[in-house]
Amino acid sequence: AEEANAALVFTNYEDEKLFGLAANSEYHINSAALTSNSNGEIPIQDLWYGEKLAIIRAGSTPEVNSNPKELPVPQKPDAPNTVTSENVTVKGLDDGKLLGVTTAMEYRKDSESNWIPCQGAVVEGLPAGTYYVRFSAVTDSGKEAFSSNAVTIKIESGDTPTYTVN
């Protein structure tokens, strides 16, 4: 029986996955048995952030497992602490704001799944609702970082307009 190869394993900071693994193969990562997907990826689990992983590709028998490959997984950055909101002025208007954001951040409404990059210090034109704001992942070589944990910000609905007819 031939010894399994752990291969070169890398971290995808944007998608928060390990990649470079053999497709559809069993691995033992810090003693947990996991199977890579058809692209040779395994999602990073929350408990791995800030840890050094021991990655072993399972062989046909335990005697032919690969040697462990160590991979440090950096901690996720803290959530932003500068973000506030400005509520919608009149119920039904989409004029709420996220304040104190930067171009290094992204946001999404709680009912959405896609993150939207912040274009400056203020995000305008938002409907009432709950928003999540986080620092974006950094993929620049030597500066790689995961996206941060998100802070939850609420934009409240404005008052119902009242009309007086003379």
Side-chain angles (χ1 to χ4, degrees), residues 1-85 97-123 126 129-155:
E2 190 174 315
E3 182 177 303
N5 184 348
L8 294 176
V9 182
F10 301 97
T11 306
N12 180 322
Y13 287 89
E14 285 183 304
D15 296 334
E16 299 183 359
K17 295 178 182 175
L18 301 178
F19 73 98
L21 304 164
N24 303 311
S25 296
E26 183 179 340
Y27 286 85
H28 300 281
I29 301 178
N30 288 7
S31 301
L34 300 161
T35 301
S36 61
N37 66 18
S38 60
N39 295 321
E41 302 167 331
I42 293 177
I44 293 175
Q45 297 180 4
D46 286 342
L47 56 94
W48 294 350
Y49 292 105
E51 298 294 322
K52 186 180 286 187
L53 302 182
I55 301 169
I56 298 170
R57 182 171 176 199
S60 55
T61 67
E63 294 78 32
V64 294
N65 285 350
S66 73
N67 290 322
K69 171 164 178 42
E70 288 192 347
L71 180 72
V73 176
Q75 192 65 260
K76 284 182 87 100
D78 290 334
N81 61 7
T82 59
V83 183
T84 59
S85 66
K97 298 177 183 175
L98 294 173
L99 309 169
V101 297
T102 71
T103 56
M105 296 178 192
E106 56 192 4
Y107 72 97
R108 70 176 177 87
K109 195 164 190 229
D110 65 347
S111 59
E112 303 291 325
S113 58
N114 293 331
W115 292 90
I116 301 167
C118 296
Q119 301 298 318
V122 178
V123 177
L126 299 174
T130 300
Y131 291 83
Y132 303 115
V133 182
R134 68 182 185 183
F135 289 107
S136 305
V138 177
T139 58
D140 299 338
S141 183
K143 299 178 184 176
E144 297 93 340
F146 292 108
S147 58
S148 71
N149 293 309
V151 62
T152 302
I153 303 290
K154 289 196 182 295
I155 295 177

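Considering every non-hydrogen atom in both Ser147 and Lys76, the closest pair reads O-CE, 3.2 Å. Of all heavy-atom pairs between Arg108 and Asn114, the closest is CB-O, 3.3 Å. In terms of heavy-atom proximity, Trp48 sits nearest to Val73 at O-CB, 3.5 Å. Heavy-atom minimum distance, Val83 versus Gly100: CG2-O, 4.0 Å. For Tyr107 against Cys118, the heavy-atom pair with the smallest separation is CD2-SG, 3.8 Å. Closest heavy-atom contact between Asn149 and Arg134: O-CB, 3.7 Å.
Between the CG atom in Asp78 and the CZ atom in Phe135 there is a gap of 9.0 Å [rounded to 0.5 Å]. Distance check, rounded to the nearest 0.5 Å: CD1 of Ile153 to CG of Leu99 gives 9.5 Å. Atom CG of residue Asn37 and atom OG of residue Ser25 lie 10.5 Å apart, to the nearest 0.5 angstrom. To the nearest 0.5 angstrom, Asn30 atom CG is 9.5 Å from Gln45 atom CD. In this structure, Tyr27 OH and Asn65 CG are separated by 11.5 Å, a value rounded to the nearest 0.5 Å. Interatomic distance, Lys97 NZ to Tyr131 OH, rounded to the nearest 0.5 Å: 13.5 Å.
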Exercise. Please step through side chain to side chain contact (heavy atoms under 4.5 Å, CB included) for the pair Val9 and Leu21, ending with a clear verdict.
Key: CA-CA 6 Å; Val9 182; Leu21 304 164; 3.5 Å; yes

Practice problem: Evaluate side chain to side chain contact (heavy atoms under 4.5 Å, CB included) for Thr102 paired with Thr82, printing each intermediate quantity in order. | Solution: CA-CA 9 Å; Thr102 71; Thr82 59; 5.6 Å; no

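With sequence neighbours left out, Lys52 forms a side-chain contact (heavy atoms from CB on, under 4.5 Å) with Glu70. Applying the side chain to side chain donor-acceptor pair (under 3.5 Å) test to Lys154 and every residue at least two apart in sequence or in another chain returns Thr130. By the side-chain contact (heavy atoms from CB on, under 4.5 Å) test, Glu144 pairs with Tyr13, Ser141, sequence neighbours left out.
At a threshold of 4.5 Å between non-hydrogen side-chain atoms, the residues Pro117 and Ser136 do not count as touching.
Between Tyr49 and Phe146, the ring planes are perpendicular. Angles over 60° get that label, and only those under 30° would be called parallel.
Side chain of Ser36 to backbone of Asn24: a donor-acceptor contact under 3.5 angstrom is found. Of the possible polar contacts, one joining the Asn12 side chain to the Asp15 backbone as a donor-acceptor pair under 3.5 Å is found.
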